[in-house]
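Note that ligands are numbered from 1 as they come in the structure, with each ligand's atoms numbered from 1 the same way. All values derive from a computational prediction rather than experimental measurement.
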Amino acid sequence: MTTSYRGPRPLDWVRSIKVKLGLVVVGSVAATVGAIYLSLSVGVHARYAFVGGLVVSLLVIQLLAHGMVMPLRQMVAATRAMAQGDYSQRVTATAQDEVGSLASSFNTMAAKLEEIELERRELIANVSHELRTPIAALRARLENLADGVEALDGDAVSAMLKATERLSKLVDQLLQLSQCESGAIEIDRQSFCVRDIIEDAIAEVRPINAGVRIVAQVNEGLIGIGDSGRIHEVLTNLLTNAVRYSPAGAEVKVRGGPTPDGVRIAVSDQGAGIPPDDLERIFDRFYRVNVARESGSGGAGLGLAIAKSIVKLHGGSIRAEPALPVGCRIVVDLPN
Ligand SMILES: Nc1ncnc2c1ncn2[C@@H]1O[C@H](COP(=O)(O)OP(=O)(O)O)[C@@H](O)[C@H]1O
Ligand SMILES: [Mg+2]
């Protein structure tokens with residue numbers, strides 16, 4: 001919402017508040033002198049001419065100074081509203097002087113705060129939503145057990161264990177993401193063998209979907225620099241997605257090679273791929289391309305957000321692109 005001020009602002013074009021004040025003073029003095037002179041020359045009594053001059057002076061000040069303090073008043077009102085949690089306030093920032101710059105900085109700040117507030121609300125809504133599913137599953141089972149509707153057999157225990165694992169994974173991921181995004185984690189930069197790290201990640205991910213073949217193609221003796229534990233985590237996240245979203249019999253390829261200033265690791269698969277509009281958004285927290293299809297089997301949509309945070313902490317970049325003829329490729333560039 002803009003608390004806009006209507007009416008003429010004759011001095012909006014002046015770039016300095018000092019010059020503006022000078023113009024107001026000069027304008028009002030000139031108008032006063034002119035009014036007094038005119039009144040005296042037409043024979044008005046000096047006393048009335050003086051009073052008339054004062055009135056003219058006040059009118060001229062009122063006219064010229066119009067809008068000079070209004071942005072400040074608006075800012076006071078807007079800050080009060082913001083303190084109450086209303087970040088929709090904006091002020092008129094048409095003046096060219098210092099107050100105008102302050103008003104436009106104020107608007108930028110208000111817009112940023114509004115965005116942060118929206119993100120915060122979305123985050124809480126997403127977290128609660130993701131927590132609710134496994135908690136509801138766990139609760140339903142426990143209620144059945146308590147009511148004697150269901151026996152405490154292997155099935156019930158493993159279902160409850162699965163829900164608990166999902167909960168703890170979600171909490172771990174959230175904690176990790178918040179640590180990465182706040183910069184609270186230390187990146188232990190050391191040289192590592194790219195082939196070893198890729199093969200370790202493949203070995204860890206292979207059991208998830210034995211029907212998918214994972215092949216590595218890495219330049220001999222390729223050395224990367226970074227926190228090998230964290231890079232391993234990025235690769236397991238990418239490989240888990242690649243095997244999870246691939247049909248049986250498909251192949252996942254991990255390619256490691258040099259770039260002019262570091263190394264590039266790319267994971268490509270032959271799955272359904274990612275629609276062009278979602279190529280950037282899949283790195284957003286909780287974003288899933290097809291929520292309905294994936295909410296049962298997949299994760300919470302945090303894996304790629306974590307991967308992106310880790311890569312960013314290394315000063316690198318990560319992107320998704322279509323793989324030909326089908327599937328997608330996630331490319332990670334790490335500087336040396
Ligand atoms: N290799 C892939 N093929 C197709 N879709 C993918 C692939 N990797 C990621 N995605 C899409 O990106 C979304 C986000 O991935 P991610 O952050 O790892 O979350 P999650 O795997 O927990 O759902 C996934 O839900 C999926 O829709
Ligand atoms: Mg994932």
Electrostatic pair Glu115:Arg120 at N-O distance under 4.0 angstrom: no
N-O pairing of Arg141 and Glu143 below 4.0 Å: no
Element-labelled atoms of ligand 1 that are located less than 4.0 Å from some non-hydrogen atom of Gly299: 20 (P), 22 (O), 23 (O)
Arg15 and Glu98 ion-paired at < 4.0 Å: no
Atoms in ligand 1 with a heavy atom of Cys328 nearer than 4.0 Å: 1 (N), 2 (C), 3 (N)
Atom pairs and distances, side-chain donor-acceptor, residues 307-315, under 3.5 Å, sequence neighbours left out:
residue: Ser309; atom: OG; partner: Ala305; partner atom: O; Å: 3.2
residue: His314; atom: ND1; partner: Ile310; partner atom: O; Å: 2.9
residue: His314; atom: NE2; partner: Asp227; partner atom: N; Å: 2.9

Ligand-residue contact atoms, ligand 1 with Gly273, heavy atoms, under 4.0 Å: 4 (C)
Within-shell test, Asn237 vs ligand 1, heavy atom, strictly < 4.0 Å: no
Check against side-chain contact (heavy atoms from CB on, under 4.5 Å), Leu21 and Lys18: CA-CA 5 Å; Leu21 287 173; Lys18 252 196 243 165; 5.8 Å; no
Sidechain N-carboxylate O distance under 4.0 Å for Arg285, Glu122: no
Nearest neighbour of atom 16 (P) of ligand 1 from the list Leu239, Val252, Leu304, Ile330, on a heavy-atom basis: Leu304
Ala323, Ala320, Gly301: member with heavy atom nearest to atom 19 (O) of ligand 1: Gly301
Contact flag Thr240/the Mg ion (ligand 2), N/O/S atoms, threshold under 2.8 Å: no
Region of Leu238 engaging ligand 1 - heavy atom pairs below 4.0 Å: neither
Criterion salt bridge (Lys or Arg N to Asp or Glu O under 4.0 Å) on Arg121 and Glu119, from CA distance to verdict: CA-CA 5 Å; Arg121 286 190 196 162; Glu119 269 182 24; over 6 Å; no
Heavy-atom nearest option to atom 23 (O) of ligand 1, drawn from Phe286, Tyr245, Tyr287: Tyr245
Sidechain N-carboxylate O distance under 4.0 Å for Glu165, Lys162: no
Ligand 1 contacted by Ala272 (non-hydrogen, < 4.0 Å): no
Candidates Leu238, Asp269, Val212 - the one meeting side-chain contact (heavy atoms from CB on, under 4.5 Å) with Val243: Val212
Sub-3.5 Å N/O-N/O distance, Arg288 and ligand 1: no
Side chain, backbone, both or neither: the part of Val289 lying under 4.0 Å from ligand 1 by heavy atom: both
Numbering as shown, the atoms of ligand 1 that approach Asp269 to under 4.0 Å (heavy-atom distance): 1 (N), 2 (C), 3 (N)
